[in-house]
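Numbers restart at 1 for each chain; the letters A, B, ... are given by sequence-line order, proteins then strands.
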Protein chains: 2
Amino acid sequence: MTDTPTSSAPTDIRGPRLHGVYDALRAAVLSGEIRPGEGISETRVAARYGVSRTPVREAFRRLADEGFLRIVPQVGTFVAPIQLAAVSDSQFIRETLECRTVRLAAERAEAGDVASLARLLDSHRAVMSPDRHSEFFALDEATHAELARIAGRPAVWDLLVAVKAQLDRVRFLSLHSEGWAAKIVGEHQSIVDRVAARDPDGAEEAMRAHLRTVFAAVDEIARTNSHFFET
Amino acid sequence: MTDTPTSSAPTDIRGPRLHGVYDALRAAVLSGEIRPGEGISETRVAARYGVSRTPVREAFRRLADEGFLRIVPQVGTFVAPIQLAAVSDSQFIRETLECRTVRLAAERAEAGDVASLARLLDSHRAVMSPDRHSEFFALDEATHAELARIAGRPAVWDLLVAVKAQLDRVRFLSLHSEGWAAKIVGEHQSIVDRVAARDPDGAEEAMRAHLRTVFAAVDEIARTNSHFFET
DNA sequence: TCGCGTCAACTTGCATACTAGTATGCCATC
DNA sequence: GATGGCATACTAGTATGCAAGTTGACGCGA
């Protein structure tokens, strides 16, 4: 995967056709609109989006690098099954890195940083209704990104975004239960509290508890959707 | 041409033309044969390797994703300067993940694992002479990979291989001093000893000390070759 | 009915032609 | 001599045609 911590996407401003196809396909795979195992072809996708095969090809290659597609030469390109091993590895890497960064955040946080986190929490609480799921998701990510920034390691979150990809595919398989949003925001609150209190140990423990919640949900979803997975 | 420290693409079995160009360019950038800031063009590279622009283009895109090239649309493609921030982030990520995996390795190691590590150390000692630098480098990597495997997280090393890329560029800038090889092997020995003793704390500490040695060398090289870098 | 060989219809990999945007250097003009 | 405008020679982005390979269906024969 193929992503270096810093110089990845931000400085990349390549063709608009490529980005259109790439974004559309990525969303389609992530949301489950195209299901694991399903075959797609450069020609068909090109025709559908009204572009030639070349930008489609590049989009395919990038998505294959991210683990979303599997390109078999002379045969076809298929949506990759979600690999349980990859999900487990993502969890391990995420927990390891985020527990360390949140410690640093707790050690380094200044007043402005705490205020910024508080603002994010307020915004998060405002979009807890089920019909604003995508906004909720975006603010979830933003909170974790902000913690990495405060820790002085924004690139770590950039890396995690790539690493998390397989994990996010699982998350999209199922809408969450009733109290889910409240639980997430509450756990974020605990983390922010510990960061504001400059308590690295507490912050790490709160982050670990939070991630365990997320991972447990992922495992549950994986069990009930085993046909999408590959051992 | 020197060795590429990392075997590149994990699960990719695409055309031989693409791989030839990709491997050659990667090695050329890593070894400093093509220097940061230097411009290369799809057309010229295609002509030089006797292929068309298409496989060159894919190789460029992949190398750009890895942080080796910078593609500026309608202008040109250039060897990316080594970004000090990226090097620092690589170090942080590597230390965080490897200290955790070596703990796990120490907890999980079985007799066969320890024997395997011992074999690697013996091989390593056998190639300490300066003229076998590339073999030494390869065994260094193999030892770290083996520790990740013993920890039950081989994928973590796969990730680190990608993350380390910018760090390896720095390493290639300079041959190491006289006692370097002995020092590295000695530190590896300490790590393996602690793993063999099922001492997670000691193993983590030994790994941390080892990485600090490596990072110090990187910093030293970075200081004395600042013209290759970008702040 | 089963097995095997043939072939047609796909697929992606590669080569090449064309488009459009950018940097540069020359030349006319002031 | 300095400067503005333009021609030109690059660049990467895109489109498309061809080649090589695989798959699977179809039909023939046992």
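Remark: R70(A) pairs with E230(A) by the salt bridge (Lys or Arg N to Asp or Glu O under 4.0 Å) rule, at least two apart or across chains.
In this entry the distance linking NE2 of H19(A) with C1' of dG13(D) reads 13 Å, nearest Å. Rounded to whole Å, the distance from CZ on R44(A) to C1' on dT11(C) is 10 Å. For the pair E58(A) CD and dA12(D) P, the interatomic distance rounds to 12 Å; values are reported in whole Å. For the pair R61(A) CZ and dG13(C) C1', the interatomic distance rounds to 11 Å; values are reported in whole Å. Distance I40(B) CD1 to dT11(D) C1': 13 Å, rounded to the nearest Å. For R70(A) and dT11(C), the CZ to C1' distance is 17 Å, given to the nearest whole Å. Atom CZ in R53(A) sits roughly 13 Å away from atom P in dA15(C) (whole-Å rounding). Residue R57(B) contributes atom CZ, which lies 16 Å from atom P of dT16(C) at whole-angstrom precision.
In this structure, R132(B) pairs ionically with E135(B), as a charged nitrogen and a carboxylate oxygen lie closer than 4.0 Å. Between R61(A) and D65(B), no side-chain nitrogen of the basic residue sits less than 4.0 Å from a carboxylate oxygen of the acidic one, so the salt-bridge criterion is not met.
Taking every side-chain heavy atom of Q74(B) into account, dA20(C) is the closest of dA20(C), dA15(C), dG13(C). In the set dT11(C), dA15(D), dG13(C), dA15(D) carries the atom at the smallest distance from any side-chain atom of V51(A). Ranking dA15(C), dT12(C), dG13(D) by closeness to the S52(B) side chain, first place goes to dA15(C).
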Applying side chain to side chain donor-acceptor pair (under 3.5 Å), run through S88(A) and R153(B) and close with a yes or a no. CA-CA 9 Å; S88(A) 169; R153(B) 294 293 172 188; 2.9 Å; yes

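Where V72(B) and T54(A) each meet DNA chain D at their nearest nucleotide, the meeting point lying more 5' is that of V72(B).
If you check every strand for non-hydrogen atoms under 4.0 Å, S41(B) touches sugar and phosphate atoms only.
For E146(A) and S116(A), the side-chain atoms include at least one donor-acceptor pair closer than 3.5 Å.
Classification of the F172(A)-F137(A) ring pair by plane angle, with boundaries at 30° and 60°, yields tilted.
Sequence neighbours left out, the pairs with a member in residues 20-31 of chain A that pass side-chain hydrogen bond (donor to acceptor under 3.5 Å, both in side chains) are Y22(A)-R26(A), Y22(A)-E66(A), R26(A)-E66(A).
Near DNA chain C, defined here as any heavy-atom distance below 4.0 Å, the residues from residues 75-82 of chain A are V75(A), G76(A), T77(A), listed numerically.
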